[in-house]
Amino acid sequence: MPSLFAVPEAYTPRHLAEKILTARSDLEGERKQVTVLFADIKGSTELIEGLDPEEARRLLDPALHAMMEAVHRYEGTVHQVLGDGRSRHVPNSLSP
């Protein structure tokens, strides 16, 4: 079973992707302050130890999906997906 987070198109909401692509020429070369968030699920290694990759993903994906939804709420993008961790960039103008 392929991961829900294998490619950015799989986890970037369509409206946000369209906004980014529409404003692409405006964004190229632009300097902007952003907030970068690194997140990790504490204890996840121990939780999934010994599980098949598919079962581990079934356990972790709901939490990872919730993290991504929070980032997208502020029109941030997920920069990188590594195991159970995430790196996010959120424009400072949209940060709470």
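- What you find for Leu16 and His72 is that their closest heavy atoms are CD2-CD2, 3.9 Å.
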- request: Before giving the answer on side-chain contact (heavy atoms from CB on, under 4.5 Å), spell out for Leu60 and Ile48 the whole-Å C-alpha distance, their side-chain angles and the decisive distance to 0.1 Å.
  value: CA-CA 9 Å; Leu60 297 178; Ile48 63 173; 4.0 Å; yes

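- In this structure Glu55 satisfies the side-chain hydrogen bond (donor to acceptor under 3.5 Å, both in side chains) test together with Arg58, sequence neighbours excluded.
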Derivation and outcome, side-chain contact (heavy atoms from CB on, under 4.5 Å), residues Ile41 and Leu64: CA-CA 9 Å; Ile41 300 173; Leu64 300 176; 3.6 Å; yes

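- In this structure, Thr77 and Val71 approach most closely via the heavy-atom pair N-CG1, 3.8 Å.
- Using modelled atom types, no side-chain atom of His65 and backbone atom of Asp61 make a donor-acceptor pair closer than 3.5 Å.
- Minimum heavy-atom separation, Ala39 to Met67: CB-SD, 4.0 Å.
- Counting all heavy atoms, side chain and backbone alike, Leu47 lies closest to Leu51 at O-CD1, 3.8 Å.
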